[in-house]
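Hydrogens, waters and symmetry mates are skipped; everything else that's a heavy atom, side chains included, is used.
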Amino acid sequence: MLEICQNCHQNPPVRDAPFPFLTYEDTQGVYFRTTLRWERMAQVIEPDEPLHMPPRTATDVPQLTDPQLQTLRSWFAACTPPEPEGSGCDKGESP
């Protein structure tokens, strides 16, 4: 999935991507008003989303496979809501 999302969401972002997605913290920023980036990510990866990502017009960027979509859906459900440091999905992460 890195080769798909980070094709544009790098630092600095390219191809008009609005922000990088290189770290967990990148997903926790505000996208618009009260919507967090991860919440918007969860919407735009869905195949029936009108503003689907990656863009269908980007012929050099592959679309997410079904297993990749399921991995992301599971991650959004389990890991994206903020947890106290040292718990949740970053438990055991080196500082």
Side-chain angles (χ1 to χ4, degrees):
M1 287 178 283
L2 293 178
E3 71 276 2
I4 296 173
C5 301
Q6 290 178 356
N7 192 288
C8 300
H9 291 277
Q10 48 191 273
N11 194 12
V14 297
R15 299 182 185 191
D16 298 321
F19 36 74
F21 282 136
L22 302 175
T23 66
Y24 172 81
E25 287 75 18
D26 290 339
T27 70
Q28 299 302 304
V30 174
Y31 173 74
F32 184 72
R33 296 191 183 179
T34 61
T35 303
L36 297 179
R37 292 175 182 171
W38 73 265
E39 293 171 313
R40 185 64 181 140
M41 290 168 61
Q43 295 168 343
V44 301
I45 65 162
E46 294 303 326
D48 60 345
E49 169 65 29
L51 297 175
H52 176 73
M53 287 288 137
R56 291 180 184 91
T57 57
T59 56
D60 61 329
V61 179
Q63 294 297 309
L64 294 166
T65 64
D66 287 338
Q68 289 171 326
L69 280 168
Q70 190 53 50
T71 296
L72 283 170
R73 290 174 184 137
S74 296
W75 185 75
F76 292 136
C79 298
T80 50
E83 295 286 339
E85 188 63 34
S87 62
C89 289
D90 71 344
K91 185 175 183 178
E93 183 179 82
S94 299

Quick check on the hydrophobic clustering: are [X] and [Y] connected, directly or via other members, by side-chain heavy-atom contacts under 4.5 Å?
X   : Y   : value
L64 : V61 : yes
I4  : W38 : yes
I45 : Y24 : yes

Any non-hydrogen side-chain atom of [X] less than 4.5 Å from a side-chain atom of [Y]?
X   : Y   : result
V30 : T35 : no
R40 : L51 : yes
Q63 : Q68 : no
H9  : P18 : yes
Y31 : M41 : no

Quick check: closest heavy atoms across [X] and [Y], and the distance to 0.1 Å?
X   : Y   : result
A17 : C8  : CB-O, 3.6 Å
R56 : P50 : NH1-O, 4.5 Å
P20 : P13 : N-CG, 3.7 Å
Q10 : V14 : NE2-CG2, 3.6 Å
V44 : E49 : CA-CG, 3.7 Å

Enter the distance from [X]:[atom1] to [Y]:[atom2] here, rounded to the nearest 0.5 Å.
X   : Y   : atom1 : atom2 : result
L22 : T27 : CG    : OG1   : 11.5 Å
T23 : D26 : OG1   : CG    : 3.5 Å
Q28 : E39 : CD    : CD    : 9.0 Å

Original post:
Are any side-chain N or O atoms of Q6 and backbone N or O atoms of F21, one a donor and one an acceptor, separated by less than 3.5 Å?
Top reply: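 Checked: pair present.
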